[in-house]
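Structure record follows, encoded as structure tokens.
Numbers here simply count residues along the sequence, with the first being 1.
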Amino acid sequence: MGISKMSILKCLGEPRNKLFAARKYLEGLGFSSFHTASKSSVELHSQEEEVVIALGSNVGDRLHNFKEALKLMRNSGINITRHACLYETAPAYVTDQPRFINSAVRAVTKLGPHELLSALKKIEKDLGRTGGIRYGPRPIDLDILFYGHSRGLTGLWEDLGSESLIGEFGKEGMYRVMPVANGLLDWSRRTSVMGILNVTPDSFSDGGNFKSVESAVYQVRLMISEGADMIDIGAQSTRPTASRISAAEELGRLIPVLEAVVSMPEVEGKLISVDTFYSEVASEAVSKGAHLINDVSAGQLDSNMFKVMADLDVPYVAMHMRGDPSTMQNSENLKYGNVCKEISSELYSRVREAEMLGIPAWRIMIDPGIGFSKKTEHNLDILMGLPDIREEIATRSLAISHAPMLIGPSRKRFLGEICSRPDAAKRDPSTIASVTAGVLGGANIVRVHNVKDNLDAVKVCDAILRQKSSHLKSRH
């Protein structure tokens, strides 16, 4: 039936060939795959058909090109339902050109195959694509990989080689990336350390310590000098039983500190995150220079959050939590059967809604929510079960299962219970142990109070993982 798996993998020796190999394979299976314009006219279908469309760009602002293409696709009657990961790849065939970013989306449309092709060609033209040379530079490249319901996408993915394809891509310099701060974050190379800055009077560990702009700036300078990759600024306490303050009060605490931090010379090349569940705060923070938004509620505490984030073009951390900080530790919210499985299901449902409202999967990070609506044993299950969480999410979305995973065990109460340390400030050694377990289990970002010591732990973990990967490669 068409091209065999082996020949597909041979084709995939050059990363950009993935689109062409997929098209040929689909044709071999009897699916439509179009790359040239047709003069024939076909009426709109009365029923929606499922389609998969690949995107590529290597000219101009590549991420802006993607955003505009997605918007124009929606305006053309192509209703996007899923996003793949985002990849940066080396060019193929014509190698003297910039690197590409590539992805794909699933969608439903009533457009017939040739109408769909015409719509995509118009979008390419509207975004500045001209004839040019074959395989040459282009601001946007839109290809139909799949059209129709005659075969399930899951089975097709398995036939194409499933995740083994991604392994093949990686060997030739194809990496999953996330757009952030006018660049691309490749979180697979090493674990990132996010330093915590609470500008609150009532946070459980350091409440009141950094309320003034001067003290906050001093702490940021210290964390960056110790090696922090990111700074997460929170102006509302989310400790258990914390009372909620208004968005206006949160902004009053946040903005003076954020403006001062963004203007610091030391933060150049670092990422500034804002910890908020208010869409109004998120929007204002991004306008003042924040690079990502960290939402402990995954959109549950503000119904406008996903719509606002869809337009902000910054990464969004969706964390698992039941209830809100004042109710998350009640008996009902602490009921779990299989905690990792239920976290996966509940977190995915939030991310799915976010995606449907326009936040691409390549801008989403996930956080299992250690300490939020969890007992001590639940938190330990999470630290042991990070691979299980990814695996469970993968049954619903491969792209989300590969999203960067953030964990935040730092100085949490469960560590104090285990080690008999009632004083949160004395829980750094146990934080290091939990961070170590998390990184070895697949966490990509660790959110901590003590940057220096946790960075050392992260470096050792990364070295262990590199060594493990090297041994696995040598066996093959």
Side-chain angles (χ1 to χ4, degrees), residues 178-180 185 192 194 196-200 203 230-240 242 244-247 249-251 253-255 258 271-328 333 343-344 346-374 389 393 400 403-408 410 443-447:
M178 172 170 282
V180 60
L185 173 67
S192 296
M194 175 185 278
I196 299 169
L197 178 67
N198 288 317
V199 292
T200 58
S203 290
M230 310 175 183
I231 302 296
D232 189 43
I233 307 175
Q236 172 147 206
S237 175
T238 53
R239 62 178 173 79
R244 189 185 308 190
I245 63 172
S246 68
E249 187 174 353
E250 186 176 333
L251 283 168
R253 294 176 182 175
L254 172 70
I255 296 304
L258 177 60
L271 299 179
I272 305 302
S273 166
V274 166
D275 181 356
T276 185
F277 51 72
Y278 284 130
S279 61
E280 180 184 343
V281 175
S283 182
E284 185 67 15
V286 172
S287 74
K288 297 294 185 181
H291 301 122
L292 61 144
I293 296 299
N294 182 10
D295 180 2
V296 297
S297 79
Q300 293 182 98
L301 299 182
D302 185 335
S303 59
N304 290 322
M305 179 61 90
F306 292 159
K307 293 177 183 177
V308 168
M309 287 303 306
D311 292 329
L312 287 181
D313 280 343
V314 300
Y316 175 69
V317 182
M319 194 194 81
H320 176 268
M321 176 176 65
R322 292 174 172 176
D324 61 31
S326 67
T327 65
M328 65 184 181
N333 287 327
I343 286 171
S344 302
E346 293 167 21
L347 184 56
Y348 173 73
S349 71
R350 301 305 305 151
V351 171
R352 181 82 181 103
E353 183 178 339
E355 197 175 7
M356 291 295 288
L357 288 173
I359 306 177
W362 60 71
R363 282 206 282 115
I364 292 175
M365 301 180 183
I366 56 175
D367 181 344
I370 292 173
F372 288 80
S373 55
K374 316 291 191 307
I389 291 173
I393 293 176
I400 298 302
M405 182 180 286
L406 183 152
I407 61 167
S410 186
N444 307 108
I445 305 164
V446 296
R447 182 178 180 274

Could you pull out all residues at least two apart from [X] that satisfy side chain to side chain donor-acceptor pair (under 3.5 Å)?
| X | value |
| --- | --- |
| E355 | H83 |
| S349 | none |
| N333 | N330 |

Close side-chain approach of [X] to [Y], heavy-atom, < 4.5 Å:
| X | Y | value |
| --- | --- | --- |
| M356 | F306 | no |
| L347 | I389 | no |
| M178 | L292 | no |
| M230 | S273 | no |
| V281 | Q236 | no |
| I272 | H291 | yes |
| M319 | F277 | no |

Can you sort out the partners of R322 under salt bridge (charged side-chain N to carboxylate O under 4.0 Å, His left out), two or more places apart, ordered by chain and number?
E342, E346

Looking at residues at least two apart in the chain, or sitting in another chain, which of them share a salt bridge (charged side-chain N to carboxylate O under 4.0 Å, His left out) with D275?
R447

Is it the case that the side chains of N198 and T200 hold a donor-acceptor pair, with the cut-off being a distance below 3.5 Å and no angle test?
no

Applying side chain to side chain contact (heavy atoms under 4.5 Å, CB included) to L301 and M321, what does each step give before you reach the verdict?
CA-CA 10 Å; L301 299 182; M321 176 176 65; 4.2 Å; yes

Taking the side chain from [X] and the backbone from [Y], do they hold a donor-acceptor pair closer than 3.5 Å?
| X | Y | value |
| --- | --- | --- |
| N444 | M405 | yes |
| R253 | V199 | no |
| K374 | F372 | yes |

Restricting to pairs with a member in residues 289-316, which pass salt bridge (Lys or Arg N to Asp or Glu O under 4.0 Å), not counting sequence neighbours?
K67-D313, D313-R363

Between R244 and Y278, does the side chain to side chain contact (heavy atoms under 4.5 Å, CB included) criterion hold? Intermediate values first, please.
CA-CA 11 Å; R244 189 185 308 190; Y278 284 130; 3.1 Å; yes

Looking at R350 and E353, is any side-chain nitrogen of the basic one under 4.0 Å from a carboxylate oxygen of the acidic one?
yes

